[in-house]
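Worksheet: the structure to be examined is printed underneath.
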Amino acid sequence: MSDRKDNGQGNGANGAGSGTGIVTKTRPKTKKPSLYKVLILNDDYTPMEFVVHILERFFNKGREEAVTIMLHVHRHGVGVCGVFTFEVAETKVAQVIEFSRRHQHPLQCTMEKE
């Protein structure tokens, strides 16, 4: 026999702590992450073909869609490349700017909350 005192948390004969209650789980409410549009801005120096290449390479656009977006940028001054979570959008903007500078083009890429 043990000298331990029963503190009511064991399986004593009085039923205390026997687990007959209802267990409810509360799920934390998760909200969807904010989305950001990645935008390419028109300039007078970056070749159209280079912009098409950027859209194909970094935004996985097919040739036809890339040309359509590039023409929209050319005509309207700005165009949406895609919509992403903050981190992905931020990474894509940095990749486009770095790639453009490496190829000596002044192409601007930015992001804004959707």
Side-chain angles (χ1 to χ4, degrees):
M1 256 193 152
S2 171
D3 288 333
R4 281 188 5 214
K5 292 183 180 178
D6 187 7
N7 60 6
Q9 293 179 352
N11 289 334
N14 64 1
S18 64
T20 57
I22 297 174
V23 177
T24 59
K25 285 187 178 180
T26 57
R27 293 184 181 170
K29 293 197 177 198
T30 55
K31 63 179 187 178
K32 293 183 179 178
S34 297
L35 296 177
Y36 292 80
K37 294 186 282 190
V38 176
L39 308 169
I40 284 187
L41 307 177
N42 189 39
D43 64 66
D44 293 333
Y45 304 101
T46 305
M48 292 180 177
E49 192 57 39
F50 185 78
V51 175
V52 170
H53 179 69
I54 290 282
L55 292 164
E56 291 172 332
R57 178 173 178 159
F58 295 104
F59 298 96
N60 299 317
K61 302 296 182 187
R63 184 76 176 174
E64 192 173 317
E65 187 179 6
V67 169
T68 301
I69 294 170
M70 176 275 297
L71 289 173
H72 183 85
V73 171
H74 181 68
R75 293 181 184 129
H76 301 281
V78 64
V80 178
C81 305
V83 179
F84 308 95
T85 59
F86 179 82
E87 291 81 8
V88 174
E90 188 177 49
T91 300
K92 292 206 179 273
V93 167
Q95 288 174 329
V96 168
I97 291 174
E98 191 275 328
F99 188 78
S100 297
R101 298 306 171 269
R102 199 166 4 120
H103 289 86
Q104 301 177 347
H105 295 298
L107 184 65
Q108 288 295 311
C109 187
T110 187
M111 59 191 254
E112 69 180 34
K113 197 167 189 175
E114 189 172 43

Residues Val38, Val80; criterion side chain to side chain contact (heavy atoms under 4.5 Å, CB included); working and verdict: CA-CA 6 Å; Val38 176; Val80 178; over 6 Å; no

Please report the interatomic distance NE2(His74) to CG(Asp44), rounded to the nearest 0.5 Å. 9.0 Å

Partner of Glu98 under side chain to side chain donor-acceptor pair (under 3.5 Å), picked from Gln95, Arg102, Arg101, is Arg102

Same apolar cluster: Met48 and Leu55, side chain cutoff 4.5 Å: yes

Take Phe84 and Leu35 through the test side chain to side chain contact (heavy atoms under 4.5 Å, CB included) and record every step on the way to the result. CA-CA 5 Å; Phe84 308 95; Leu35 296 177; 6.0 Å; no

Using atom types as modelled and distance alone, determine if a side-chain donor or acceptor of Lys61 lies under 3.5 Å from a backbone N or O of Cys81. yes

Do Tyr45 and His105 have ring centroids that are under 6.0 Å from one another? no

With a 4.0 Å cut-off, would you call Lys37 and Glu112 a salt bridge? yes

Hey, could you give me the CD1/OG distance between Ile40 and Ser100, rounded to the nearest 0.5 Å? 7.5 Å

Enter the distance from Asn42:CG to His76:NE2 here, rounded to the nearest 0.5 Å. 11.0 Å

Do Leu71 and Phe59 belong to the same hydrophobic cluster, where Ile, Leu, Val, Met, Phe, Trp and Tyr are linked whenever their side-chain heavy atoms lie under 4.5 Å apart, directly or via other members? yes

Hydrophobic clusters here meaning ILVMFWY residues chained together by side-chain heavy-atom distances under 4.5 Å, can you tell me if Val83 and Val88 are in one? no

Approximate separation, where rounding is to 0.5 Å, of Lys32 NZ and Thr30 OG1: 9.5 Å

Going from OH on Tyr36 to CD on Glu114, what distance comes out if it is rounded to the nearest 0.5 angstrom? 11.0 Å

Is Arg63 paired with Glu49 through a side-chain N to carboxylate O contact shorter than 4.0 Å? yes

With rounding to the nearest 0.5 angstrom, report the CD to CE distance, Glu56 to Met70. 10.0 Å

In terms of heavy-atom contacts, Lys113 and Ser34 come closest through CE-OG, 3.4 Å

Does a sphere of radius 6.0 Å around CZ in Arg75 hold more than 12 heavy atoms from other residues, nucleotides or ligands, not counting ones at 6.0 Å or beyond? no

Classify the angle between the aromatic ring planes of Phe58 and Phe99 as parallel (below 30°), tilted (30 to 60°) or perpendicular (above 60°). perpendicular

Could you walk me through whether Leu107 and Ile54 satisfy the side chain to side chain contact (heavy atoms under 4.5 Å, CB included) test, starting with their C-alpha distance in whole Å, then the side-chain angles of each, then the deciding distance to 0.1 Å, before giving a yes or no? CA-CA 10 Å; Leu107 184 65; Ile54 290 282; 4.1 Å; yes

Ignoring hydrogens, what is the shortest heavy-atom contact between Thr85 and Pro33? Give both atom names and the distance. CG2-CG, 4.0 Å

Report the C-alpha distance between Leu39 and Cys109 in whole Å, list the side-chain angles of each, state the deciding distance to 0.1 Å, and finish with yes or no for side chain to side chain contact (heavy atoms under 4.5 Å, CB included). CA-CA 6 Å; Leu39 308 169; Cys109 187; over 6 Å; no

Ignoring hydrogens and geometry, is there a side-chain-to-backbone donor-acceptor pair from Arg57 to Val96 under 3.5 Å? no

Is Ile69 linked to Val67 within one hydrophobic cluster, defined over Ile, Leu, Val, Met, Phe, Trp and Tyr using a side-chain heavy-atom separation of less than 4.5 Å? yes

